[in-house]
Amino acid sequence: MSGGAKAGNAGRAPSAATAGFQPAYGASIGVAVGFACFALLVPLGGVSYYVGAPDEPGAFAAAARAGWLWFACTAAGVLWGVLVAWLAGAGERTRSWLARGGVVFLAAYLLCLRGAWGRVARELALAPAGPARAPAAPAAAWSAPLLAVVVAGAALWIATRGSRPGAARAPALTLAGVHLLCSLTAAITTVQLAYYVSRTPAFLRGLGRLAAFLAGR
Amino acid sequence: MLTLSLTALTVLAGLAAAHALRIGAAAERWLFAGTSACATIVLVQTILGATGLLTRPAVALTTIVVAAAVAAASVFAARAAVGGAWRAELATLREAARLLRHPEIAALAVMAAAAFAWVLVAAALLPPRSVDDLGHHLPPVFEAAVRGRFVLPPLNLHPWFAYPLNADLLSLWPVVLERSIALVNFAQAGTAGLAALSIAALARLAQASRRMAVFCGLVFLLLPVTLRQAGACYTDVTIAAFFGAAAVGVAGAFEQGRATSLLLAGLGAGLLAGTKYHMLFAVLLMLPLVAVAARRCSPDARRRAGATLLFAAPVLALASFWLLRNLLELGNPCYPYRVGLGPLTIFANRLPADSPLLGSPPLLLGILRTPATVWRIVFTDCGLGNVDGGLGPVFWGAVAPLGFWCAAAALWRLVRRRGSGGLALGLLFLAGAFPYAASQAATAGVTTRFLLTAAVPGFAMLAAALTRRLESTPVVGRAAVVGVALIAGLGVVQLGGDREPNERKQTMNFGPAAAARAQHAFASPWRFVQNAAFGPNRLAPARDFLDLVTAPPGEAVRPLWIYATSRSAAGFYGRRLQNRIWNFGAPDRPATPDALVYYFARIEGVEKVEASGDKIPWEDIAGRRDRCELVFATPETAVFFRRELLAPGGDMWRRILAYYEKADPTLAVVAAKTALPFAEGDVVLATDPLGFGLKALEMTSRLRYQVLLVHRREIDALVGNIRTTGTVWLVAPATANGPTATRTVQVGDRLVGFFVLKAASR
């Protein structure tokens, strides 16, 4: 814990929920790492739910596979995180690092941005004459989400540094819960983002028409 | 204008009542005002519709009397509170404006404003275009407006006609008052605001900050399903608003022991119970909370009974009519569904034997049997980009799990006798989710909109959770708020685009309609309905034609009785309700219809006519011109008019000529340029669309030969029936798969190709 955190809790006996049930901090990080695995493993190009059209043959089965993949990654991440946190020992410094890490790892959910390239991945998968005729997967499909994660992670790292105890130390079980909700939300966003991206150009055109209409033109 | 004035009057009367009842929280006060306005509108129309007095003067007068009575009673009961209301509302406005300084609220408010501007413009420029609107929501509404009383349209056409209509009465309101369908799409845009208010009010009851309460209300407004439905005549957003009002009332009474909250609960629950059978489950699940709340309101038995009556009376007044009508007229209050308990059947099922709903278990059972169903629902976000619009990642990923978790935790606390904190909100979430869980598994993909009711307490829980995070761990809270705001913003983009293969119900592309209005084009709003399945888009040209000949811009209405086929035929009444559907069996209908509209629906790859009601087979009309004349055709539609209506120089003759000449002026130019060498006495059969131009030339005596419009499906039959000394020719546009063009004509930037065939020679 940071010095501020210690000062903030001075005189009170730490409870499991507020002062850090240490394996739960590990579980938080594990959930985030599990999501990262999901985001990198989910076969965006192999499924059809990217258009948001579950009538398409195979879409339901693909969605179910994605759901089980998320569940498996999350469960494995939680087990891994709890184990590592438990093995790391119960020292105050370790607990502090884990608590801070639990917050900083919230940035991992920005990997859901990878879903924005789902349509390209889909075109690659469905290319009639093989990858040669299909659009090349842009390097941004990997670099942009990773860059976003690094930038957001750095921002969270800075934000959790210093004298604000509440900023750095989230209640452990609550933080694990927040991670679970963020992970599921980000997983759904990962597989649905291509749909939203595909609608954006038409939306912008429509927005222009709306502005013109409201302006009387 | 009358609609807006009377609506404002009912809202202001409700606001006065809210002040008289000393409802302190601004969101709850405005929610009460909106809900009581809805209740007034519904109750007035229910009474007048049931008694056959549903006319514009009666509705306006009764509404004014009711609103004035409510306002007067409020002033009489609490003069000081009502007198100082304007100061309180001014303070509310200032507070709302101050909230805009928070970046996440400012961003979502801007997005919501833009999105709802889009929804409202589309609602104003486009006609009702969703298949369910035209198929079963609007026919009872339009029929009531035309006849001045509630009637049950033929149930063999659609069993859903027997549904309770409370929410649909909000669509009926402007139709009756304006005698036009111009404002029919707007009801749910208003009730979406009420639903957002109910989230804010519930969130405040759950100790959320004002900031997060407003934030989550805005997120609800940006849900894909909210935006997709806000401009349609569906009822799901309205149902969410009614449920929200009931939930706020129940939670207020339960948590704070306020008896007056039970009045709001009763209004909401009554409106809800009279809207959709599924929602009876939700109301039933609220009853234990209401019972406990009534006990908390007062230890005195008489006061407790009074508090209970505050809930029960509006429920009975608002919901009983539809259930009683169905019981008395159809023998089943929940027609057409079976009502029973396990194997015990109280009211038998009346669904058609081939209905996919029969034999499909409740969704909850389906999920228990196949857990992967949950992933299918969650990860496809059923409805997104498809039928209704999805609920979005925030709902599936955060709101739904949080709702179930909080409900379970509250129940666990109750079981361990550790108090009832959060119990009301938890049970209300379950009550909101239950209608979806109880719906048939076969409809899992299209009824996720039923979860909008669960979304109301769910987003209130999210607001409370975010508030706690912002207070205890600001970094985590801020990160979560930013994430929710970013994802919520995604919902807006699904308004754009009209090329999705599965975009069925609610096309939002208003651009062509706006351009036509700016250019004063001769067009009805139906011309711009695109990409909707089950007919609305393929029927659009015929509806455009019918509307323009029966109610041309600036001219008098010429009512027509129309025989129409297709699933969504029942909902087409024209802009000024001038077109009546003949096969409804109205008591005043003539023996024969004025117009016959045949629609060749594409069903499992085969095009065929879906006739309903009193049938006039296509074979009785096609290929003959003794009783009817073909006046309009597309590959999918054929419109015939009775010959008596088409006397040269007559009113309808003139209107049809105006359509041919104005609807697409280039056609007449093309026809004139064809310079076809037909002789006097020849008969030229012409198909769409070139035929309209040729017909216009013939009607203005500029041709020496006769032109007959013909549908492609009746050419062979018609050729054999034509009696002429000359030659029969066939002129039709060249198509990619049909005969190649024998002639082409350049018109502007269009190259029009057509072919000419000698069909018969005498």
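Numbered from 1 within each chain, the chains take letters A, B, ... in sequence-line order.
- When heavy atoms are compared at a cutoff of 4.5 Å, B:Ala518 does not approach chain A at all.
- When all heavy atoms of A:Ile188 and B:Gly397 are compared, the closest pair comes out as CD1-N, 3.7 Å.
- Across all non-hydrogen atoms, the minimal contact from A:Leu106 to B:Ala479 is CD1-CB, 4.2 Å.
- Considering all non-hydrogen atoms of both residues, B:Ser439 and B:Thr447 come closest at OG-OG1, 3.6 Å.
- For B:Ile487, the part lying near chain A is the side chain, with the backbone staying farther off; criterion is any non-hydrogen pair under 4.5 Å.
- A:Arg114 contributes no side-chain N or O that, together with a main-chain N or O of A:Ala141, makes up a donor-acceptor pair within less than 3.5 Å.
- Interface remark: A:Trp68 contributes backbone and side-chain atoms alike to the contact with chain B (heavy atom separation under 4.5 Å).
- Contact annotation for B:Val378: both backbone and side-chain heavy atoms come within less than 4.5 Å of a heavy atom of chain A.
- Scanning both residues, A:Tyr196 and B:Pro393, for their nearest heavy atoms gives OH-CD, 3.8 Å.
- Between the side chain of A:Gln192 and the main chain of B:Thr380, a donor-acceptor pair closer than 3.5 Å is present.
- Ranked by heavy-atom pairs under 4.5 Å with chain A, the list B:Leu402, B:Val492, B:Val394 is led by B:Val492.
- Listed here is the closest heavy atom pair of B:Pro401 and A:Leu184: CG-CD2, 4.0 Å.
- Looking only at heavy-atom pairs under 4.5 Å with chain A, the residue among B:Phe510, B:Trp396, B:Phe395 that has the most is B:Phe510.
- The choice from A:Val178, A:Leu204, A:Thr185, A:Leu180 that makes the most heavy-atom pairs within less than 4.5 Å of chain B is A:Thr185.
- In this structure, chain B has no heavy atom under 4.5 Å from any part of A:Leu110.
- For a residue to count as touching a neighbouring chain, one of its non-hydrogen atoms must lie under 4.5 Å from one of that chain's; by this rule A:Ala155 does not touch chain B.
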